[in-house]
Amino acid sequence: MRDTTAPQAGPLVTGSEIARLAGVTRAAVSNWRRRYDDFPPPAGGGVNSPLFDLAEVQAWLARQHKGQEVSVEVQLWQALRGIYGDDMVGGLVDVARLLAEGKAPEELPADVVRLAGGLAGSGGAAEAVSALAERFTDSVRRAGSDRVTSPRIVRAVRHFAGEVASDATLFDPACGIGSLLLAVGSEQGPRRCGQESEARSALFAQLRADLTGHTGASIVTGDSLRDDGWTDLKADLVVCDPPVGEPDWGREDLLLDSRWEFGIPSRAEGELAWLQHAYAHTAPGGRVLMVLPASVAYRKAGRRIRAELVRRGALTQVTALPSGTAASHALPVHIWHLRRPRALGDAVTSVRMVDLTASDPDGSLEPFPEQVAEVSLIDLLDDVVDLTPGRHVEDSHRDYAVEYQTLRGELTEQARLLAELLPALVAGDGPSSLDGPTVSVADLVRAGLVEYGDPEPVSVSDQLDTDYLQGFLRGEANARRSTSTSGTFRLDGKGARIPQMDITEQRRYGAAFRALQEFEERARRVAELSRDATALARDGLDNGALAPGK
């Protein structure tokens, strides 16, 4: 319980909030701290995230003529931070209750009540609660958390939802503070149903809906997967940005649940449990827009469920949003579009793949033609069932004919060069070169004739040819000496030996060894091109992009 009898300390602010107060960048505030000895010292927080007394900061900004008039909204937010700290949802609830009921909760000091009244008086209660919700979302986003849905994701879901009929039913089973649920459709008309496991977030979402004129909104508290608060609900549109990475979503207690139409999700696939929960609450002809991590599209554990979604024609589109759309990381997130068929034969026969990963996260969400691919269901139902849009968009826009001709031409040229590289060798007239006089690499190093390069030893003398040296080091006899008991080959093994020959003979052997090395490297390239050309040709013949020549 919060101790309301203790004296309240002054509101504390972060460096980022000081920057917003002064209208400068965060780096400028850091410079002020270093340059000015009288800059207020931290009054709380840690070394990496110090907090400063708001009154002291405002006084310093005024003395330095660096500040600007602080709005009532900012004053209210900073006052709430000073009282509630990390429990800002509680502060939002108390202010929303004050604005909705006209009665101040006991926790709110008089100055906060005054500021809240002033903010509501200047723009109305709806604008006041919306401004506080926006500030909360922004502060959580800047802290790198996924506790709330980012504004960019809200914009994307609203875009793909399109027009919503006034008599439609909307549902968000993990609605948080109501960001998605209240953003889709017009304020008045649609019936909005939500559920949220965190009681204060659910209460704020309800108060927010009431204050902003979203009539017909009803939000209940509870864990949607374990304790469904809308068991009989069938919605026209379900939107959801569910919790991710939760290992205990209730699988053991829900193994026989009827919601798992497409298969029982594993413990690691809680996101697919949320997806099926949303689909179970979708009316015939209704849609689901589910925000999911990109990994859900290809993880091995979810392959069977993905295959059933595709096979039954429930999945209509997967959209990869631009990098940077999510709040806490730059990795792309996907929106999965599902539609429940009205009757047999109403299911889709292809899935639209949209890859916006290269687009501006604040730009248009309308894809260019080259960012879209219509993929037939049969093409998705392979051993992996990878639903990553980028993979299919890239394949659909490949010019197989040009790519195949290019590969074929390069392969022909490399094969021609390969035949020319193999040196002409004749029968030798004596025993192994290493059976005669030899010298060890260790002796050559001590004599200063050889240095260990990266990764092979090299000659540093005009009396020793490097290709000759390295060629004999790669030979069978030295390979045995240069191989460890674990089977690791070390070309620089000091136990290796090379024949003693004059420099003219060394260069003859060195030229042959160099040609063999180049031949070996070229042969590897030919092998790689052969594999690529064969795979491309088979794929092209299979999908109709290529045909046998006449």
Hey, is the main chain of Glu198 close enough, under 3.5 Å, to the side chain of Glu196 for a donor-acceptor pair? yes

For Asp355 and His392, does a side-chain donor sit closer than 3.5 Å to a side-chain acceptor? no

Would you check if the side chain of Asp346 reaches a backbone N or O of Arg342 as a donor-acceptor pair within less than 3.5 Å? yes

Could you tell me whether the side chain of Glu271 reaches within less than 4.5 Å of the side chain of Leu275, counting heavy atoms only? no

His159 vs Glu366, side-chain contact (heavy atoms from CB on, under 4.5 Å): CA-CA, chis, key distance, verdict: CA-CA 9 Å; His159 171 82; Glu366 286 297 327; 3.1 Å; yes

Between Val351 and the options Leu309, Thr316, Leu380, Leu387, the side chain to side chain contact (heavy atoms under 4.5 Å, CB included) test singles out Leu380

Hey, are the side chains of Leu381 and Arg311 touching, using non-hydrogen atoms and a 4.5 Å cut-off? yes

Looking at Asp383, I'd like to know if its CG atom is crowded, meaning that more than 12 non-hydrogen atoms belonging to other residues, nucleotides or ligands lie closer than 6.0 Å. no

Heavy-atom nearest pair, Ser530 first then Leu411, reads OG-CD1, 3.7 Å

Just wondering, are more than 12 heavy atoms of other shown residues or ligands nearer than 6.0 Å to CD in Glu134? no

Distance-only donor-acceptor check, side chains Ser359 and Gln371, under 3.5 Å: yes

Strictly by modelled atom types, are Thr319 and His334 linked by a side-chain donor-acceptor pair under 3.5 Å? no

Heavy-atom donor-acceptor pair, Thr388 side chain to Arg391 backbone, under 3.5 Å: no

Can you list the steps and then say if Phe171 with Leu237 is a side-chain contact (heavy atoms from CB on, under 4.5 Å)? CA-CA 6 Å; Phe171 179 48; Leu237 175 63; over 6 Å; no

Evaluate the side-chain proximity of Arg299 to Glu269: yes if any heavy-atom separation is below 4.5 Å, no if none is. yes

Side chains of Arg522 and Gln414 in contact at under 4.5 Å (non-hydrogen atoms): yes

Value rounded to 0.5 Å, distance of CH2 in Trp230 from OG1 in Thr169: 9.5 Å

How far apart are the closest heavy atoms of Pro361 and Thr325, and which atoms are they? CB-OG1, 4.2 Å

From OG1 (Thr406) to CG (Leu529), nearest 0.5 Å: 11.5 Å

How long is the span from the CG atom in Leu207 to the CG atom in Leu211, to the nearest 0.5 Å? 6.5 Å

Measure the shortest side-chain to side-chain distance between His337 and Val318 over non-hydrogen atoms and say whether it is less than 4.5 angstrom. no

Taking Ser139 for its side chain and Phe136 for its backbone only, find out whether a donor-acceptor pair lies under 3.5 Å. yes

Donor-acceptor pair, Thr137 side chain versus Val148 backbone, under 3.5 Å? no

Derivation and outcome, salt bridge (Lys or Arg N to Asp or Glu O under 4.0 Å), residues Glu308 and Arg304: CA-CA 6 Å; Glu308 284 302 304; Arg304 290 181 181 273; over 6 Å; no

Would you compute the distance between atom OG1 of Thr149 and atom CG of Leu180 and round it to the nearest 0.5 angstrom? 4.5 Å

With heavy-atom distances below 4.5 Å as the criterion, would you say the side chains of Gln470 and Val458 are in contact? yes

Shortest non-hydrogen separation from Leu546 to Leu536 and the atoms involved: CD1-O, 4.0 Å

Audit row: Ser350, Val375, side-chain contact (heavy atoms from CB on, under 4.5 Å) steps and yes/no: CA-CA 5 Å; Ser350 65; Val375 186; 5.9 Å; no

Mark yes or no for whether Arg340, through its side chain, and Gly285, through its backbone, hold a donor-acceptor pair below 3.5 Å. no

Which atom of Ala165 lies closest to which atom of Pro190, heavy atoms considered: O-CG, 3.8 Å

Separation of Arg312 CZ from Tyr279 OH (nearest 0.5 Å): 8.5 Å

Between Thr231 and Asp228, do the side chains contain an N or O donor and an N or O acceptor separated by less than 3.5 Å? no

All heavy atoms of Pro173 vs all of Ser224, minimum pair found to be O-OG, 2.6 Å

Do you know which two heavy atoms are closest between Trp336 and Leu272, and how far apart they sit? CZ3-CD2, 4.3 Å

Inter-residue atom distance Arg192.CZ - Gln206.CD, 0.5 Å rounding: 12.0 Å

If only atom types and distance count, is the side chain of Arg226 paired as donor or acceptor with the main-chain N or O of Leu254 below 3.5 Å? no

Set out, in order, the CA-CA distance, both residues' side-chain angles and the distance that settles side-chain contact (heavy atoms from CB on, under 4.5 Å) for Leu170 and Val239, then state yes or no. CA-CA 8 Å; Leu170 308 182; Val239 295; over 6 Å; no

Result for side chain to side chain contact (heavy atoms under 4.5 Å, CB included) between Phe262 and one of Leu315, Ile305, Val310 points to Ile305

Close side-chain approach of Arg303 and Val384, heavy atoms under 4.5 Å: no

In this structure, are over 12 heavy atoms from other groups packed under 6.0 Å from Leu256 atom CG? no

Is there a donor-acceptor pair closer than 3.5 Å between any side-chain N or O of Arg287 and the backbone N or O of Leu338? no

Counting heavy atoms not belonging to Glu163, are there more than 12 under 6.0 Å from its CD? no

Would you check if Arg208 and Leu182 make a side-chain contact, meaning some heavy-atom pair closer than 4.5 Å? yes

Under 3.5 Å donor-acceptor, Lys234 side chain and Ala280 backbone: yes

Strictly distance-based, threshold 3.5 Å: is any side-chain N or O of Arg259 a donor or acceptor partner for the main-chain N or O of Leu225? yes

When you check the side-chain N and O atoms of Gln188 and His214, is any donor under 3.5 Å from an acceptor? no

